[in-house]
There are 2 protein chains.
Amino acid sequence: MAEDARDRLARLHGEMRERICLMDWAPGTRLSEEGIAAEYGVSRTPIRRVLARLEDEGLVQSLHGIGTMVTDPGAEELAQTYALREELAELVGRLSPVEVGAAQRAEMAGFRAQGEALAQAPEARSFARLNMAYFAFGLSLTGNAVLREVAERLYYRTARVWLRQIAALDLAEECAVFLAELRETERALSAGDAMAAALVRRAHISMSVRRLMAAGAAGRAVD
Amino acid sequence: MAEDARDRLARLHGEMRERICLMDWAPGTRLSEEGIAAEYGVSRTPIRRVLARLEDEGLVQSLHGIGTMVTDPGAEELAQTYALREELAELVGRLSPVEVGAAQRAEMAGFRAQGEALAQAPEARSFARLNMAYFAFGLSLTGNAVLREVAERLYYRTARVWLRQIAALDLAEECAVFLAELRETERALSAGDAMAAALVRRAHISMSVRRLMAAGAAGRAVD
DNA sequence: TGCATAGTAGTTGTGCACAACAAGGCCGCG
DNA sequence: CGCGGCCTTGTTGTGCACAACTACTATGCA
């Protein structure tokens, strides 16, 4: 079997979401339905289906007669999203935490190793990709699928802004802090303590937000 | 100005969602895109746009060549959703709680009055509508729009199952319990304590889940 | 009678043409 | 020179026809 239409849309959605979150399509960018359709070799219809979902997720906004733009969350919305993300991060350790086994520890060690490599050669895009993959791993520590879905939704909503601000901050320092988080989490998982890992995550989200907010709204796309 | 296309879709979405949550379209029902389109006097296109959103929200599922069916969440998914809803209910009181003023107290008194009327003449559909409106009021007690959005999403995902189970339980007793919750919450809001109101809400969700689960999966639609 | 198979009806997914709409440029008029 | 209206261009929204796919039924054959 080649590929189900359902899977094709999911793949399209994932790719377009990544282009937004990695700032290939920065906030404010006007997307062309026809252009994207031509690029993927399909008609506007399935692209519109994906854009509709991205709009429901808050990543883009379509205006009749004007265009479809990548949204740029305001400071208030960002603060509210992060506030909720902090709570959800803690819930990952409290609601149906999985039993930490050898598989989790091995995967965690892999992330720590990648984190060390990144800290030696800081680079924004690699950082963003690793952060994304590590976030997914963190979610795998809860058995609550609904929580995973909601937390993922909110993560992708903040990812592009995080990446933009990271580039404005001291990239090397951010990578170093990230590596520290990875090491702390590895310690928690080695002890089999998923709740501790969740608390480490929450603490680092909290501190990350502080640094981001301190950097201010510099670099916000003009409307 | 007549109506924006955006608003029309939002209205369609709201109406169709209500038909699902009030069990006009019970779980398992096969929806006809063409039928709905004819009913609303539009083509399949905007209906498909709305159905796509409902599918992303988990209320319906479309299968190529088969049809679009109202989903019937399994016990596991329900449990996970309610577990998260409990936590979010508490967060309403913790994240950016609004200052409780005369307006909130007046609205709350209105709900309590409607609750008393309902308790005198229990009726499932009225109960569901009142519960829905009261839930929206509860969300208005937090200034965190993201939290409101997520909590609302999860509420509508459980509403239809709740209504089905309520009908199977002792309806009069459920209405009485609901009235008790309204009175407790009114007391909390009179004291200006939004956090207390949130905790009352959480407690009642928790107890409601217990009763629902105890009633078991009787009445589940067969696949 | 049992069963495989082709056919048929009904559904969602896709492509395409056109309508609805907004922004900017251009021309004519005061 | 200023400016108001028109027009042109580009975009998203809608309708419609057809393709892709599934379930069911009838039919012919052993």
Side-chain angles (χ1 to χ4, degrees), chain A residues 1-17 19-20 25-72 221-223, chain B residues 1-17 19-20 25-72 221-223:
Chain A
M1 59 183 182
E3 186 187 38
D4 194 290
R6 188 180 203 77
D7 300 333
R8 172 162 41 148
L9 286 187
R11 188 171 49 82
L12 275 175
H13 174 259
E15 290 182 17
M16 290 172 64
R17 184 178 60 182
R19 293 173 88 162
I20 292 174
W25 292 335
T29 305
R30 221 182 60 201
L31 306 178
S32 164
E33 293 184 353
E34 205 156 354
I36 300 173
E39 184 178 345
Y40 285 103
V42 294
S43 80
R44 279 178 55 207
T45 308
I47 298 299
R48 281 180 60 78
R49 172 66 178 86
V50 172
L51 285 176
R53 180 168 170 190
L54 291 173
E55 183 168 18
D56 291 339
E57 292 171 339
L59 299 186
V60 304
Q61 184 184 18
S62 291
L63 277 75
H64 190 185
I66 300 183
T68 302
M69 282 87 59
V70 178
T71 55
D72 190 7
V222 289
D223 301 78
Chain B
M1 57 183 182
E3 185 189 36
D4 194 290
R6 188 179 201 77
D7 300 332
R8 170 162 43 149
L9 286 186
R11 189 171 48 83
L12 275 175
H13 174 261
E15 290 182 17
M16 290 172 64
R17 184 178 61 182
R19 292 172 87 162
I20 291 175
W25 292 335
T29 305
R30 219 181 65 204
L31 307 179
S32 165
E33 293 183 352
E34 206 155 354
I36 300 174
E39 183 177 344
Y40 285 103
V42 295
S43 81
R44 278 178 56 208
T45 308
I47 297 298
R48 282 179 60 77
R49 172 66 179 87
V50 173
L51 285 176
R53 180 168 171 189
L54 291 173
E55 183 168 18
D56 292 338
E57 292 172 339
L59 299 186
V60 304
Q61 184 184 19
S62 291
L63 277 75
H64 190 185
I66 300 183
T68 302
M69 282 87 59
V70 178
T71 55
D72 190 7
V222 288
D223 300 80

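Note on naming: letters A, B, ... go to the chains in the order of the sequence lines (proteins, then strands), and numbering restarts at 1 for each one. Nothing here was measured: the structure is a model prediction, and the numbers come from that model.
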*Under 4.0 Å between any heavy atoms, over every strand shown, what does B/Ile47 touch: base, sugar-phosphate, or nothing? Just pick one.*
nothing
*Is B/Leu51 touching bases, backbone alone, or none of the nucleic acid, heavy atoms closer than 4.0 Å?*
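The answer is nothing, as B/Leu51 stays clear of every strand by at least 4.0 Å.
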*Does A/Arg48 put a side-chain nitrogen or oxygen below 4.0 Å from OP1 or OP2 of D/dG13?*
yes
_C/dG10 phosphate, OP1 or OP2, under 4.0 Å from B/Ser32 side-chain N/O_ = no
_First of B/Thr45 and A/Ile66 reached from the 5' end of DNA chain C, by closest nucleotide_ =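 Comparing both residues, the 5'-ward one is B/Thr45.
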*asked:* Whether the side chain of B/Thr71 engages the backbone of B/Gln61 through a donor-acceptor N/O pair (distance < 3.5 Å, no angle test) should be reported.
replied: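 Checking the backbone N and O of B/Gln61 against the side chain of B/Thr71, no donor-acceptor pair under 3.5 Å is found.
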Please give, in whole Å, the distance from [N] [atom2] to [X] [atom1]?
{"X": "B/Leu63", "N": "D/dA20", "atom1": "CG", "atom2": "P", "answer": "19 Å"}
{"X": "B/Asp7", "N": "C/dC21", "atom1": "CG", "atom2": "C1'", "answer": "15 Å"}
{"X": "B/Glu34", "N": "C/dA9", "atom1": "CD", "atom2": "C1'", "answer": "13 Å"}
{"X": "B/Met69", "N": "C/dG10", "atom1": "CE", "atom2": "C1'", "answer": "14 Å"}
{"X": "B/Leu31", "N": "C/dT12", "atom1": "CG", "atom2": "P", "answer": "8 Å"}
{"X": "A/Ile36", "N": "C/dG15", "atom1": "CD1", "atom2": "C1'", "answer": "17 Å"}
{"X": "A/Arg44", "N": "D/dG10", "atom1": "CZ", "atom2": "C1'", "answer": "11 Å"}

Salt bridge between [X] and [Y], side-chain N to carboxylate O under 4.0 Å?
{"X": "B/Glu33", "Y": "B/Arg48", "value": "yes"}
{"X": "A/Glu55", "Y": "B/Arg6", "value": "yes"}
{"X": "A/Arg19", "Y": "A/Glu39", "value": "yes"}

_For A/His64 and B/Ser43, find the nucleotide of DNA chain D closest to each by heavy atoms; which residue's nucleotide sits nearer the 5' end?_
A/His64
*Partner of B/Leu31 under side chain to side chain contact (heavy atoms under 4.5 Å, CB included), chosen from B/Ile47, B/Val70, B/Leu54*: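 Running side chain to side chain contact (heavy atoms under 4.5 Å, CB included) over B/Ile47, B/Val70, B/Leu54 with B/Leu31 returns exactly one hit, B/Val70.
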_From the set D/dT12, C/dT14, D/dT11, return the single nucleotide nearest to any side-chain atom of A/Glu33._
D/dT12
*asked:* When you measure only distances, ignoring hydrogens and angles, does the side chain of A/Arg8 come within 3.5 Å of the base of C/dG13 through a donor and an acceptor?
replied: no
